[in-house]
Amino acid sequence: QVAGVIKEPWLWDEVPRSFNNITPENELILVRRLINIGMGQLAPERLIMEHLYPSDFVREIAHGRLEKFGVSPVIEGGWFCVPSKTDFDRLILDRRPRNSVEDRLDWSRLPHGTQFTLLVVRPGFGLRGSAKDLRSWFFCIRNSNPYSNVVGRPWFQKDAPDLISESGPHWLVLFVQGMGDLNSVDIAQELHEGILRCGGAFWSDALLRYDSPIPRSRLFWGIYIDDVVVVMLKRLNKLKRIEDGDLDVILSHKISEVYAETPGVEEAEEKRQSFQPTFTGWGTCVEGRIGTASAPRAKRSALCVALFAAARERTVTRKLMEKVIHSITFPFMHRRELMCIWDRSFTWLSQLNYRRHYLMPAYVVEELLIAALLLPLASANLRRPVLGAVSCSDATPTASGVCHGTLPRALSTEIYRAIGEHKGFYGRLDKSGSIFEALRPAQPAPLPSELRGLIDSISWQDLGGRRFTRIEHINIQ
């Protein structure tokens, strides 16, 4: 039970208005349903205000800020749905107003599907995977401060006399973490890990996290909010054989036992994948026998169609092009060298206004078509050998440099496992973001301590550099 950390009102930036995409009639039906199942209640506005603002001084400052942006003092959210399944939609809480006045907890350390591209599958071995999913996980987590989750329209006694016994506006407050809460991911991730840890099903030695080395193990597993994926490296002739002593079998069964014994937790049986040589985990499809990892073929095919359709458009908006171009990032992360095709599109995109239509330049059309043609190749070969070499590169807006070193293949394989592709210092040349974000000093990502001495001992060879004739969003090295 954790409530969001609210900022002081004088630190609030722009507070957006929420989007409530539901009619009053249907919303009242939803309110009654949520109250009946214990997910919320109607609370008087005065009570919400008492919990939200601890003093008259804070209230006055907050009211002045909110009035400027046309947001009510209770900072309510809204409801909307997105398609999920044939018979169900996903209910989303538009909590942007409240999110804008809270600090991020920043607890979660999530895995990423593209980490499977760093697995090295030796000859005679293959991969198999299992996946589990918790049903309606966000709505199973109780919020210790329901007054931080005010949503929908105000209701009066005449609207629902059986629910409201006193005069004045009443608002629905949620007892659960809404899907859309700024800190829902952090809280849901931490709670999921805590449940498995308490039940003895949290094997830290084999855990995948995006900011950590790939485990030195035959077993790899991770938790992504409500999804658990367990992957096992096993001999090809035994890949279909499910034995009680297999590590993935032990861990998968233990996780299911913990779910069954934890009140309020329900596993979605229809989404379960069990010990499959071809499986999808965190958006990445792994073919364990062949030894490949990529975005699912159907999604890449759909993206190809979308790219060709976008290339045929005469005029486009910035929002449309952001969706089209950024949708390619995840598939290309399975073959990062493909990202080099983006030469001028991002620079052009950054100069557009959201409220206008633009004629797409020929060089942007060209890059979209190249991306579409390369999507079938955006697949990692997990069986390719690791070379006995390591390279380092860096770039400024005007020039780049590259160096190269050789070392035994066993060591290069270990470096590949431990750091894969290590990124150092992140920086921006513009002034985007609030002044408070700009005051936070950027920190370089540290190199794993066990590899620092090894890197220093390599005999590096300067391969030279080059100067850039113009500044681009991505400098190709």
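Keep in mind that the numbers below use all heavy atoms, side chains included, and drop hydrogens, waters and symmetry copies.
With a 6.0 Å radius and a threshold of 12 heavy atoms from other residues, nucleotides or ligands, Arg104 has its CZ atom above the threshold. The 12-atom threshold is exceeded at CG of Asn237, counting heavy atoms of other residues, nucleotides or ligands nearer than 6.0 Å. More than 12 heavy atoms of other shown residues, nucleotides or ligands fall within 6.0 angstrom of atom NZ in Lys7. Heavy atoms from other residues, nucleotides or ligands lying under 6.0 Å from CZ of Arg272 number more than 12. The environment of Arg33 atom CZ is sparse: at most 12 non-hydrogen atoms of other residues, nucleotides or ligands sit within 6.0 angstrom.
The aromatic ring centroids of Trp348 and Tyr363 lie 6.0 Å or more from each other. Checked against the 6.0 Å centroid criterion, the rings of His334 and Phe330 qualify as a close aromatic pair. Trp221 and Phe202 have their aromatic ring centers within a separation under 6.0 angstrom. The ring of His192 has its center no closer than 6.0 angstrom to the ring center of Tyr224.
Side-chain contact of Arg300 with Ser294: a donor-acceptor pair under 3.5 Å is present, judged by distance alone. Counting only N and O atoms by type, the side chains of Lys132 and Ser256 include a donor and acceptor under 3.5 Å apart. Of the N and O atoms on the side chains of Ser108 and Asp186, at least one donor lies less than 3.5 Å from an acceptor on the other residue. Side chains of Ser345 and Glu367: a donor-acceptor N/O pair is present below 3.5 angstrom, by distance only. Side chains of Glu76 and Asn20: no donor on one and acceptor on the other come within 3.5 Å.
Looking at Lys240, Lys234, Arg218 one by one, the single match for salt bridge (Lys or Arg N to Asp or Glu O under 4.0 Å) with Asp246 turns out to be Lys234.
Between Leu134 atom CG and Glu266 atom CD the span is 9.5 Å, to the nearest 0.5 Å. Distance check, rounded to the nearest 0.5 Å: CG of Asp248 to CZ of Arg128 gives 4.0 Å.
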| task | Would you sort out whether Arg344 and Glu366 count as a salt bridge (Lys or Arg N to Asp or Glu O under 4.0 Å), showing the intermediate values? | result | CA-CA 10 Å; Arg344 301 172 67 183; Glu366 181 182 67; over 6 Å; no
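Distance alone, capped at 3.5 Å, is enough to place a donor-acceptor pair between the Ser327 side chain and the Val324 backbone. The closest donor-acceptor contact from the side chain of Asn99 to the backbone of Leu182 lies under 3.5 Å. A distance-only check finds no donor-acceptor pair linking the side chain of Asn143 to the backbone of Phe175 [under 3.5 Å]. Judged by distance alone, the side chain of Ser391 and the main-chain N or O of Cys403 form no donor-acceptor pair under 3.5 Å. A donor-acceptor pair is defined here as one N or O able to donate and one able to accept, closer than 3.5 Å; such a pair exists between the side chain of Asn183 and the backbone of Asp103.
At least one side-chain heavy atom of Leu118 sits under 4.5 Å from a side-chain heavy atom of Tyr416. Two residues are said to be in side-chain contact when any heavy atoms from C-beta on lie closer than 4.5 Å; Phe80 and Phe19 meet this criterion. Taking the side chain as every heavy atom from C-beta outward, Val74 and Tyr147 never approach each other to under 4.5 Å. No side-chain heavy atom of Arg109 sits less than 4.5 Å from a side-chain heavy atom of Glu193. Residues Thr117 and Thr284 form no side-chain contact, since every pair of their non-hydrogen atoms from C-beta on lies 4.5 Å or further apart. Side-chain contact check for Val121 versus Leu127: some heavy-atom pair is nearer than 4.5 Å.
Relative ring orientation between Phe116 and Trp282 is described as parallel, the plane-to-plane angle staying below 30° on a 0-90° scale split at 30° and 60°.
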